[in-house]
Amino acid sequence: MEYVSKVPGPPLDGLIEDLYYLEGAPPYARLTLPASPAALLVVNLGPPFHIRASTDVEPSEHADGCIVTPSTRALGFSYPAWTRSVGVHVKPWGLAPFVPMPAVELCDRPVTVEQVWGRPAVAELRDRLATADGPHEMLALLEEELIGRLCETPGLGLVRHTSSIIMATSGAAAIGDLRVAAGVSSTHLTQRFKELVGVTPKRLARTQRFAATLLAIDFAQPINWSDVASGAGYFDQAHFGHDFRAFAGLTPTRYAEVRRRFLREHPDHVLDSWPLPAD
């Protein structure tokens, strides 16, 4: 697969990790995206893909793309044989200036880009991207679109500052201490987080702790799950296993198996560093 990434300049750099272009044959038809503290925006330029938000609902079709807020459980992605898209890896608080509704309304409920920005605007953007002269121009057009959509977001400074500490400490920061330092009530902080991130500060910390734990595991080596659980702050390995399955969609042992399969069958793949085990 071809993968091109670009870190945006100000003012987007405070909201977005990077913009990317992706084209090619996915390594597997179905992939599981574990719960993540980051958000995602994808503008699809190829055949539709499907997302299953949970095992008890039907997959939703995404022809134009998707918007995914920080999630609390694993999401299933089904891809066509060839995929082509541009997208944005967004910081936990970064979607708020681009969407008109409270983020909590989108939590664990991926929506199409049309549902948020409207069909005419998205159709025009997709046409411009499809006729652009290569990936770099496409990313420049996407960056321009995002800058044009920036809007004032009350409470963003508070949420950004608090979230940044949660991320920097891998979810270990005491939320009560952060609330006191910010000089706001627990109710106010929770409300702002739900509006701008989609989850509470405590939930974001749990998800960040899990993501950091997952990315720190060397799947090429034997794994001592007791040590992993202890390092993640769990005193009960059964509790760790329960949370792992909820966050990753697989048991720890099964997750390790599919990650090793991925590494074995697709060494140095562009998705290799992503926490995306094959179904």
Side-chain angles (χ1 to χ4, degrees), residues 5-20 33-43 65-73 75 87-111 113 115-117 142-143 145-212 215 247 274-275:
S5 175
K6 175 188 179 182
V7 176
L12 295 183
D13 57 341
L15 303 168
I16 290 170
E17 296 289 354
D18 74 324
L19 302 96
Y20 69 88
L33 179 63
S36 170
L40 179 67
L41 186 154
V42 178
V43 180
C66 67
I67 292 178
V68 180
T69 59
S71 54
T72 67
R73 57 178 181 244
L75 299 174
V88 189
H89 294 119
V90 189
K91 297 178 181 181
W93 59 88
L95 271 183
F98 306 109
V99 299
M101 69 280 289
V104 69
E105 295 182 8
L106 306 179
C107 182
D108 294 329
R109 190 175 66 88
V111 294
V113 185
Q115 287 175 287
V116 178
W117 288 353
L142 182 57
E143 185 173 5
E145 176 75 19
L146 292 171
I147 289 174
R149 289 186 172 275
L150 273 174
C151 64
E152 290 293 326
T153 308
L156 184 61
L158 167 66
V159 171
R160 175 179 173 178
H161 176 73
T162 306
S163 298
S164 296
I165 297 175
I166 290 173
M167 303 297 285
T169 60
S170 297
I175 305 302
D177 292 345
L178 298 181
R179 192 265 307 164
V180 171
V184 298
S185 69
S186 176
T187 299
H188 180 80
L189 185 64
T190 296
Q191 181 179 359
R192 285 303 190 193
F193 262 75
K194 286 184 175 181
E195 290 173 352
L196 305 186
V197 180
V199 295
T200 66
K202 288 185 178 180
R203 170 60 74 169
L204 182 68
R206 282 184 63 198
T207 307
Q208 170 60 16
R209 185 165 62 248
F210 171 77
L215 290 171
F247 284 134
W274 295 13

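- Annotation for Gly14 and Arg160: closest pair CA-NH2, 3.6 Å, computed over non-hydrogen atoms.
- Note that CG of Leu12 and CD1 of Ile147 are 4.5 Å apart. Values are rounded to the nearest 0.5 Å.
- Side chains of His89 and Leu40 form a contact here, defined as non-hydrogen atoms less than 4.5 Å apart.
- The two residues Ala39 and Pro70 come nearest to each other via the heavy atoms CB-CD, 3.9 Å.
- A heavy-atom distance below 4.5 Å is not found between the side chains of Pro201 and Leu178.
- Cys66 approaches Val113 most closely through the heavy-atom pair N-CG2, 3.5 Å.
- Between the side chain of Ser36 and the backbone N or O of Pro34 there is no donor-acceptor pair closer than 3.5 Å.
- Looking at every heavy atom in both residues, Ser186 comes nearest to Arg179 through N-CD, 3.5 Å.
- Here CG of Leu196 is found 8.5 Å from CG of Leu158. Values are rounded to the nearest 0.5 Å.
- The distance from atom CD1 of Ile175 to atom OG1 of Thr200, rounded to the nearest 0.5 Å, is 8.0 Å.
- Proximity of a side-chain donor or acceptor of Ser71 to a complementary backbone N or O of Asp108 within less than 3.5 Å is not detected.
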May I have the step-by-step check of side chain to side chain contact (heavy atoms under 4.5 Å, CB included) for Leu15 and Leu156, ending in yes or no? CA-CA 10 Å; Leu15 303 168; Leu156 184 61; 4.1 Å; yes

Run the side chain to side chain contact (heavy atoms under 4.5 Å, CB included) test on Phe98 and Val88 for me, step by step, so that the C-alpha distance in whole Å, both residues' side-chain angles and the decisive distance to 0.1 Å come before the verdict. CA-CA 12 Å; Phe98 306 109; Val88 189; over 6 Å; no

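- No donor-acceptor distance shorter than 3.5 angstrom exists from the side chain of Trp93 to the backbone of His161, with no hydrogens or angles considered.
- Taking each heavy atom of Ile16 and Lys91 in turn, the nearest pair found is O-CE, 3.8 Å.
- Listed for the Thr207 side chain is no donor-acceptor partner under 3.5 Å among the backbone atoms of Ala35.
- Using a 4.5 Å heavy-atom threshold, the side chains of Val159 and Phe193 count as touching.
- With rounding to the nearest 0.5 Å, the separation of OG1 in Thr169 from CZ in Arg209 is 9.5 Å.
- Considering CG of Leu146 and CG of Leu41, their distance stands at 7.0 Å, rounded to 0.5 Å.
- Every salt bridge (Lys or Arg N to Asp or Glu O under 4.0 Å) that Glu195 has, sequence neighbours left out, goes to Arg192.
- Here the closest non-hydrogen pair linking Thr69 and Leu106 is OG1-O, 3.3 Å.
- Annotation: side-chain contact (heavy atoms from CB on, under 4.5 Å) contacts of Val199 (sequence neighbours excluded): Thr72, Cys107, Val197, Arg203, Leu204.
- Between Arg149 and Glu145 there is a salt bridge, since at least one side-chain N of the basic residue sits less than 4.0 Å from a carboxylate O of the acidic one.
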